[in-house]
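Working notes, beginning with the structure itself.
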Amino acid sequence: MERIYIFSRFERFWHWMQALLVIGMLVTGFEIHGSYRLLGFTLAHQVHTVAAWALIILWVFAIFWHFTTGEWRQYIPTMQGVDKIIRHYAWGIFQGEPHPFKITRARKHNPMQAQTYLAIKVLLNPLIWISGLLYLYYNELAALGYGLDLGTIALAHTIGAFLMLAFLISHLYLITTGDTVTEQLRAMITGWEHGDEKNTK
Ligand code: HEM
């Protein structure tokens, strides 16, 4: 079977760090929100703030990486083949049909994945990031005369958090739908699609 090296070392590092930080931010964020008590408000708030800066730094590095490597092209949206992919996830997958999209090095995400990831990068991440920073510096901005409505900031940030949670749940389901349940997970660990660990770079 053909093996393709699709996820570079930086990409895998960025993916797993982001996963860790986003899950940490969901757990602490919803505690701050008052949904449950786990660490206690003060500690949850401290962890959330430290993780927020780590996530922002990671995103800045990832943006730099996308532009310097040209990998941003992976996310150019296209409608070509979207109908086949929708049909596959709604029907074909339950009949054991093979996935209609074949991965190449130049196009490693199917059109639906590329559109979803693009929306996360250009809409959802900035929504969380900007609302989070406004939340964090609300008092300082008010002292400078930029009085903002805290309720609106909190609502925008919480909507972003729910959208991130919805993405995480669908992402966890979709990564189990490769040729085998763990194939896509393996690819994000080793870098190789259909690869084996001995050949990782
Ligand atoms: C995936 C990333 C993130 C998730 C899922 C998330 C989630 C949440 C949630 C659910 C809340 C509670 C909102 C409320 O009830 O009003 C919250 C609060 C907050 N978040 Fe985030 N957040 C994320 C990223 C960030 C970032 C990047 C920053 C800052 C740069 C940030 C700063 C804050 C602040 C300052 C609060 C309010 C804490 C307080 O009330 O004192 N968050 N977050």
Side-chain angles (χ1 to χ4, degrees), residues 7-69 71-72 74-75 77 108-109 112-176 184-185 187-189:
F7 297 121
S8 69
R9 225 175 238 177
F10 173 77
E11 204 170 5
R12 284 176 280 147
F13 165 77
W14 159 54
H15 174 272
W16 289 114
M17 279 302 289
Q18 183 171 243
L20 189 74
L21 290 168
V22 166
I23 291 169
M25 309 230 52
L26 282 167
V27 171
T28 52
F30 281 108
E31 175 156 12
I32 295 169
H33 189 64
S35 306
Y36 45 79
R37 197 189 137 82
L38 195 69
L39 304 175
F41 182 87
T42 310
L43 184 58
H45 185 252
Q46 281 166 353
V47 173
H48 198 82
T49 309
V50 172
W53 283 113
L55 190 62
I56 287 179
I57 293 168
L58 189 69
W59 279 341
V60 170
F61 273 101
I63 291 167
F64 181 75
W65 175 85
H66 276 85
F67 284 104
T68 52
T69 58
E71 285 291 297
W72 61 272
Q74 301 275 357
Y75 304 93
K108 60 191 176 196
H109 303 303
M112 255 176 69
Q113 264 179 319
Q115 285 174 17
T116 308
Y117 295 157
L118 179 68
I120 288 174
K121 284 164 199 280
V122 303
L123 299 174
L124 184 52
N125 287 354
L127 171 70
I128 291 185
W129 170 338
I130 293 166
S131 59
L133 285 172
L134 293 177
Y135 219 150
L136 203 55
Y137 291 108
Y138 172 78
N139 288 330
E140 287 78 357
L141 286 168
L144 290 171
Y146 300 103
L148 299 166
D149 178 32
L150 194 55
T152 310
I153 297 172
L155 182 66
H157 199 68
T158 309
I159 289 173
F162 272 108
L163 289 173
M164 192 59 96
L165 181 62
F167 164 73
L168 185 65
I169 292 167
S170 55
H171 187 66
L172 289 176
Y173 163 65
L174 288 171
I175 61 151
T176 65
Q184 296 194 36
L185 176 67
M188 194 46 94
I189 294 171

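Both counts, for ligands and for their atoms, begin at 1 and track the order of listing. Nothing here was measured: the structure is a model prediction, and the numbers come from that model.
- The closest side-chain heavy-atom distance from L136 to Y138 is not below 4.5 Å.
- Near I32, meaning under 4.0 Å from one of its heavy atoms, ligand 1 places the atoms 38 (C), 39 (C), 40 (O).
- Close contacts between ligand 1 and A154 involve ligand atoms 16 (O) [criterion: under 4.0 Å to a heavy atom].
- For H45, a nitrogen or oxygen atom sits less than 3.5 Å from a nitrogen or oxygen atom of ligand 1, counting backbone and side chain alike.
- Close contacts of ligand 1 with I56, meaning ligand atoms under 4.0 Å from a residue heavy atom, involve 30 (C).
- To the nearest 0.5 Å, the span separating CG on L134 from CG on L150 amounts to 10.0 Å.
- For atom 4 (C) of ligand 1, the nearest protein heavy atom (residue, atom name, distance) is M25 CB, 3.8 Å.
- Not less than 6.0 angstrom separates the ring centroid of H48 from the ring centroid of W53.
- At a heavy-atom cutoff of 4.0 Å, ligand 1 is contacted by the side chain of T158 but not by its backbone.
- The nearest heavy-atom contact from the protein to atom 15 (O) of ligand 1 is H33 ND1, 2.4 Å.
- Atoms NE2 of H48 and NE2 of H157, as seen from atom 21 (Fe) of ligand 1, are separated by an angle of 180°, to the nearest 10°.
- Contact annotation: for L165 versus ligand 1, there are no heavy atoms closer than 4.0 Å.
- At the shortest separation from atom 2 (C) of ligand 1 among protein heavy atoms lies I128 CG2, 3.6 Å.
- Here the heavy atom of the protein found nearest to atom 16 (O) of ligand 1 is Y135 OH, 2.6 Å.
- Listed by number with element, the atoms of ligand 1 under 4.0 Å from a non-hydrogen atom of L133 are 29 (C), 30 (C).
- The aromatic rings of W129 and W59 lie parallel to each other, with less than 30° between the two planes, well short of the 60° mark.
- In this structure, K121 forms a cation-pi arrangement with Y75, its terminal cationic atom sitting closer than 6.0 Å to the ring centre and no more than 45° off the ring axis.
- When only non-hydrogen protein atoms are considered, atom 11 (C) of ligand 1 lies nearest to G29 O, 3.4 Å.
- For the atom pair CG of L118 and CG of L124, the computed distance is 12.0 Å after rounding to the nearest 0.5 Å.
- Among all non-hydrogen protein atoms, the one lying nearest atom 5 (C) of ligand 1 is L26 CD2, 3.5 Å.
- Shown here for A114 and Q74, the closest heavy-atom pair between the two residues is CB-O, 3.7 Å.
- Using cut-offs of 30° and 60° for the angle between ring planes, the H171 and Y117 rings count as perpendicular.
- Nearest protein heavy-atom contact of atom 26 (C) of ligand 1 is A52 CB, 3.5 Å.
- Not a single N or O atom of W129, backbone or side chain, sits closer than 3.5 Å to an N or O atom of ligand 1.
- Expressed to the nearest 0.5 Å, how far CD1 of I63 lies from CG of L58 amounts to 10.0 Å.
- Using bins of under 30°, 30° to 60° and over 60° for the plane-to-plane angle, the ring pair F10/F13 lands in the tilted bin.
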